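Reminder, nothing fancy here: chain letters follow the sequence lines and each chain counts from 1. Just so it is clear, the model here is predicted, and its values are computed rather than measured.
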Amino acid sequence: MLDLPCPRRELPNLDGRAQFWANSPDIPFVRGVSMSHRIPEDQSVRLDRALLREHREKLQAHRGKATWGEKLVPLREFKEAAQGYGRALEPKHREQEVSRFLDARNDGIPHEGPFSKIVAFGGIYNNSYGLEAVLEQASASGAEATYCLGDFGGFGPHPEKVWPLLVQGGVRCIQGNYEESLSSGRDDCNCGYSDPRDNHFATISYGYTAENCSPEFRAWMGTHPKRRRVLVGDRRVLLVHGSPRQVNEFLFASTSPTAFLEVLLDQEQCDAILCTHTGLHWHRKLPSGRDVVNVGVIGRPANDGNTHVWYAEITDRGSELGVQLKPLSYDFQALAQDMRAAGLPEEFVETVLTGWWTTCLEILPARERASSRF
Amino acid sequence: MAGSAENVVETGNAAGRAATGRAAARQAVPRVELRSLDTLWFQVAGTLCNLACNHCFISCSPTNHTHEYLSLEEVQRYLDEAVQLGVKEYYFTGGEPFLNPDMEAILEATLKLGPATVLTNGLLLDPERCARLAAIAQASEYSFDLRISIDGYDAEGNDPIRGPGTFDRILEGAQNAQRAGVNPVLTVTEVREENGSRRGREKFMALLRELGIERPRLKILPVFHLGAEAQRSGAYEAWQKLADQDAAGEGWDHLQCSSCRMVTDQGVWVCPILVNEPEGRMGQTLADTLDSFPLEHPACWTCHVHGVSCRT
């Protein structure tokens, strides 16, 4: 839902609006194209009698005619012209065309590992308390490597506090849209929101984070790769921020069809994809036996009325990948206190304290929004 | 468009060949590549509608048979192909989709495969239909959205565009959807400059809240100077064309046609806007339409300049 500019052209007076329809010649009825056998005489059509009485000419203007751009032409003329455009490939060429289109993309990135267990998390959002907690869990779990899928900043207070924790924790990072934007000096977060209500709060988050990041921290953000490849056992795992295609693509469970994900995995030549960006964790085992995991975020609760946040533990289970999405408790009261002291919006603080999102809700698909409090 | 590659079966007639010749004579028409087929549209009600709005860029009406209904079987054939190509989301439009007796069965079949949106004028959204739609949506793991068109925040603004008495009936449909648990997106075109302005948006939001819609959703679209709208507000002018340099080195990935196609009863078109332009037709199956498309039409200029996204 874009915030679109107004049309540049001045619109003429609407009083002349019926002229085109009124001036249309009375077009004779053409056999085979009457509406009567196409639109059933059900209640809906009866309802429209009132409309029909009032602007009969307009409703009947197209008998036997097709609209070709702004002209009315005989139906057959349009249909014949249309069939003259486009291709009709032979069946075997169609197959070739599809495989050309879906060709695998080789990014040439070498695999890290192999590991038997890794921890992956996304969206720190300046929550140093959450970051401390997840690093403790990772070390207690015996994970051999810890990955952050990007978005160190946004939403929370004091961006610089997470930097030493990431360095000391040996966290292997990739850039999210925040790191891309901050390291390149972009003036917005490039979150990918389209509703003005979402963008209002996204601008506050980004503005605060940008103001409170040193040039050195920003430069460090830009040193991380945009994607990584990891072996867990013999499984090839691709790590990205939004999706393999785009840093700010939202992969929500209810808008990511299984067939679409299978195609992504084929193209990327991997057995699993780990992503974040949406703020909501989910895991799907695909019919092919492969996995897609949105690891969630540790910077903001998952809009379910609970104050904890989420991360993922990925283990080698021989024949398959073990995927565990894990809730993480942290000192959310301390975070809320720091946010208030930093002058961040009370809406953000409320989310931390209640577990319900109060901002950036319009991006949620219908299914995810239905279980949301606001 | 009717390409010269050897694997192409030429189906061109005189009109098509003449137009192709004209296209070749022009210089440097920019072309948009299909980077992935994310969004698949269905002209499920053809150009048949129970309204005949003054701004309809494809002049839909009860007698406009430029495109006919799609049956469940026809849709299913394209869905099978779409699954292979990794389509991410499905949209249904017309005309008025709910005139098509197969629409609910089509929606049910689609929601087994991915998220779906239906674009409707709201007139056929009686409580029973809304309850059935809610049940279909509930049974799917994917999201379902209903987009209801309205063109004014009051009858004085809307009815001259969409037809006498439509304002109240659209709102009744929206309320029925809301009561059944389907939160609709109101789609508004900029038939009046005010509709897309801050003040206009606020008025639409207030209207929705008055109806008891607590989470109002609004999508604003520019007008396309085609079909009935060309008669209402004027056709495109010669200068409204894209040239290579308009992309400013960034390519055309921001355009919908870099990730969508549109299915009608006569084949596959490049996008939802150009279905009444024969040169918008790209082939018979989706596989025929995976190559690039020339951005020659002035409507392409609207999409570029206004940053149009047809998606919800």
Side-chain angles (χ1 to χ4, degrees), chain A residues 1-2 4-7 9 11-12 14 17 20 33 35 38-40 44-45 47-48 50-51 54-55 58-63 66-70 75 78-90 93-94 97-98 101-102 194 245 254-255 257 259-260 263-264 362 365-367 369, chain B residues 1-3 7-9 11-13 15-16 50 52 54 58-59 61-66 83 86 88 99 101 113-115 124 142-145 160 163-165 190 193 196 219-220 222-223 226-227 230-233 235 266-267 276-279 281-285 287-288 290 306-307 309:
Chain A
M1 296 195 277
L2 288 179
L4 294 165
C6 292
R9 138 198 319 264
L11 299 182
L14 292 179
R17 62 189 175 265
F20 163 67
V33 292
M35 65 171 277
R38 300 293 306 198
I39 300 180
S44 60
V45 175
L47 271 173
D48 289 329
L51 265 173
E54 291 197 41
H55 57 171
K58 190 172 129 176
L59 287 166
Q60 296 183 347
H62 297 105
R63 285 245 160 100
T67 38
W68 179 336
E70 60 203 69
L75 255 185
F78 174 88
K79 294 195 176 190
E80 281 178 7
Q83 291 305 312
Y85 281 94
R87 313 194 287 183
L89 300 176
E90 302 283 358
H93 290 130
R94 283 184 176 148
E97 182 70 355
V98 169
F101 186 69
L102 297 177
S194 50
R245 319 185 302 178
S254 85
T255 51
F260 160 73
V263 167
L264 279 188
E362 301 307 319
R367 173 50 63 92
R369 185 73 189 270
Chain B
M1 309 248 283
N7 55 5
V8 172
V9 176
T11 55
N13 58 13
N50 47 352
N54 282 329
I58 49 174
S59 308
S61 81
T63 51
N64 191 336
H65 291 264
T66 309
V83 161
K88 199 182 172 194
L99 287 173
L113 303 174
L124 304 179
Y142 299 117
S143 271
F144 165 62
D145 265 314
E190 291 177 311
E193 207 168 294
K219 179 171 176 70
I220 311 281
V223 294
L226 298 168
Q231 304 296 325
R232 191 187 73 91
S233 69
Q266 289 167 77
N276 279 8
E277 307 295 322
E279 62 266 44
R281 185 179 184 277
M282 293 187 74
Q284 190 55 45
T285 68
D288 296 339
L290 303 176
H306 289 268
S309 167

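A donor-acceptor pair is defined here as one N or O able to donate and one able to accept, closer than 3.5 Å; no such pair exists between the side chain of B:N64 and the backbone of A:H62. Under the 3.5 Å distance criterion, the side-chain polar atoms of B:E277 are left unmatched by any main-chain donor or acceptor of A:A82. Formation of a donor-acceptor pair under 3.5 Å by the A:T67 side chain with backbone atoms of B:G227 is not found in this model. Within the 3.5 Å criterion, the main-chain N or O of A:Y85 finds a donor-acceptor partner in the side chain of B:R281.
At a threshold of 4.5 Å between non-hydrogen side-chain atoms, the residues B:M282 and A:R87 do not count as touching. The shortest side-chain heavy-atom distance between B:P115 and A:T255 falls under the 4.5 Å cut-off.
Atoms CG and CD, from B:D288 and A:E97 in turn, are 8.5 Å apart once rounded to the nearest 0.5 Å.
If you measure heavy-atom distances from B:A287 to chain A, the contacts under 4.5 Å come from both the backbone and the side chain. In this structure, the portions of B:L290 lying under 4.5 Å from any heavy atom of chain A include both its backbone and its side chain. Contact annotation for A:R245: only side-chain heavy atoms (C-beta onward) come within less than 4.5 Å of a heavy atom of chain B.
Of all the heavy atoms in B:G114 and A:P257, the pair that sits closest is CA-CG, 3.8 Å. The shortest heavy-atom contact between A:A366 and B:F144 is CB-O, 3.4 Å.
With sequence neighbours excluded, the residues that form a ring pair (Phe, Tyr, Trp, His ring centres under 6.0 Å) with A:F78 are B:H67.
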